[in-house]
Amino acid sequence: MPVALCAMSHSPLMGRNDPDQEVIDAVDAAFDHARRFIADFAPDLIVIFAPDHYNGVFYDLLPPFCIGAAAQSVGDYGTEAGPLDVDRDAAHTITREVLDSGIDAAFSERMHVDHGFAQALQLLVGSITAVPTVPIFINSVAEPLGPISRVRLLGEAVGRAANKLGRRVLFVGSGGLSHDPPIPQFTTSPEQVRERLIDGRNPSDAEREVRERRVIAAGRDFAAGTATIQPLNPHWDQHLLEILASGELEQIDTWTNDWFVEQAGHSSHEVRTWIAAYAALHANGPYQVTSSFYREIPEWIAGFGITTALTRSSNHMK
Ligand SMILES: O=C(O)CCc1cccc(O)c1O
Ligand SMILES: [Fe+2]
């Protein structure tokens, strides 16, 4: 069965701290294209790789990866809240293949997810329940992180599992590219922030509001050139997009986590979700990137990319 991919940046600052209309129009056109690509492909299952931003996964128990057989969206930044339409059988099949491959992913019967999952699903297919989904969390913010090669191997195992399912599977990666939004880090945070990073589920509306306003203000300052956060790195972003398009994903195995941060900011680890999605596609055969959009958008604190890809065999089978 054919498989396809859409990898995209997310940013909850979209619609809250907007760039020039010309940029918004270009992004809208790229999303329109991605939505048409997905509608043409007509997936009957979405496997989405996304990070969490201390809304669903915390330091009380922090897995590098987690596959959800059921999942709840927390509804941060006004994203859709409530249960995702998770395909439990597909989640079990994928988890078995991943574990059999020697990748020790965690497994959840009630995974809590945030805008990393919800915004992507809403933008690409309209809602968190539009298409049966298997959500796969990839830790991309909470250090320590394992080597990037493990992310590629996770993606490959998921890709093999998808192949066995015999369904029209769309792999989605949500996050990145270069960016450094003000997400607290455990080692440099004061005690009460640490407590929230350890066990911060179900914040009050007021607590959530304070956090979100801080990030929105950072976006404003960043666009005005007065923020202290790390600059975007469009050269690094383009380089990564070229490697992903080449299919030579092992090249990324040599990149250290420190180098990701130096080059492209702490949240550049979110490109783990793209690497996993591309590796999953790659496990189904040689592929071709069919569209690639990129803009640096400081207002959204994002090197903002949207790419679509198909395996070559999917191209014929359409
Ligand atoms: O509030 C947060 O925790 C971070 C929000 C956020 C902002 C810009 C780009 C992102 O990828 C992102 O997730
Ligand atoms: Fe993010």
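Counting convention: from 1, in listed order, for ligands and their atoms alike. This chain uses plain numbering: 1 for the first residue, then up along the sequence. These values consider heavy atoms only, across backbone and side chains, with no hydrogens, waters or symmetry-generated copies.
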Nearest neighbour in protein (non-hydrogen) for [atom]:
{"atom": "atom 2 (C) of ligand 1", "answer": "Y77 OH, 3.6 Å"}
{"atom": "atom 5 (C) of ligand 1", "answer": "P12 CG, 3.4 Å"}
{"atom": "atom 3 (O) of ligand 1", "answer": "H53 CB, 3.4 Å"}
{"atom": "atom 8 (C) of ligand 1", "answer": "W300 O, 3.5 Å"}
{"atom": "atom 9 (C) of ligand 1", "answer": "H179 CD2, 3.3 Å"}

Exercise. Would you call R211-E207 a salt bridge at under 4.0 Å N-O?
Worked result: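 Judged by the 4.0 Å cut-off on N to carboxylate O distance, R211 and E207 do not form a salt bridge.
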Exercise. So, are R160 and D100 salt-bridged, with charged N and O less than 4.0 Å apart?
Worked result: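 A salt bridge is absent here (no side-chain N lies under 4.0 Å from a carboxylate O).
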Exercise. Any side-chain donor-acceptor pair under 3.5 Å between S174 and T273?
Worked result: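 No, no side-chain donor-acceptor contact under 3.5 Å.
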Exercise. Any luck finding a side-chain donor-acceptor pair between Q122 and H10 under 3.5 Å?
Worked result: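 Their side chains do not contain a donor-acceptor pair, so the 3.5 Å distance test is not met.
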For this session: Could you walk me through whether D32 and R35 pass salt bridge (charged side-chain N to carboxylate O under 4.0 Å, His left out), step by step?
Result: CA-CA 5 Å; D32 280 342; R35 282 187 284 266; 2.8 Å; yes
Exercise. Is the gap between the ring centers of H179 and F304 under 6.0 Å?
Worked result: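 When the ring centroids of H179 and F304 are compared, they turn out to be at least 6.0 Å apart.
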Exercise. Which of the N/O/S atoms in E270 sits closest to the Fe ion (ligand 2)?
Worked result: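 The closest N, O or S atom of E270 to the Fe ion (ligand 2) is OE2.
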Exercise. If you look at H53, which of its N/O/S atoms is nearest to the Fe ion (ligand 2)?
Worked result: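 Going through the N, O and S atoms of H53 one by one, NE2 ends up nearest to the Fe ion (ligand 2).
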Subset of ligand 1 atoms that lie under 4.0 Å from at least one heavy atom of [X]:
{"X": "I301", "value": "8 (C), 9 (C)"}
{"X": "V215", "value": "1 (O)"}
{"X": "H115", "value": "5 (C), 12 (C), 13 (O)"}

Exercise. Is E212 near ligand 1, meaning one of its heavy atoms is under 4.0 Å from it?
Worked result: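 In this structure, E212 fails to qualify as a contact of ligand 1 - no heavy atom is under 4.0 Å.
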Problem set entry | N, O or S from H10 under 2.8 Å to the Fe ion (ligand 2) |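 Checking the Fe ion (ligand 2) against H10, an N, O or S atom does fall under 2.8 Å.
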For this session: Report yes if S11 has an N/O atom closer than 3.5 Å to an N/O atom of ligand 1; otherwise report no.
Result: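 The answer is no, given that S11 and ligand 1 share no N or O pair closer than 3.5 Å.
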For this session: Give a yes or no on whether R201 atom CZ has more than 12 heavy-atom contacts from other residues, nucleotides or ligands under 6.0 Å away.
Result: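 Count over threshold, so yes.
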Exercise. Distance-only, no hydrogens or angles: does the E80 side chain make a donor-acceptor pair with backbone N or O of A118 under 3.5 Å?
Worked result: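 Looks like no, no N/O pair under 3.5 Å.
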For this session: Can you spot which of L281, V271, I252 makes a side-chain contact (heavy atoms from CB on, under 4.5 Å) with L244?
Result: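 Option passing the side-chain contact (heavy atoms from CB on, under 4.5 Å) with L244: I252.
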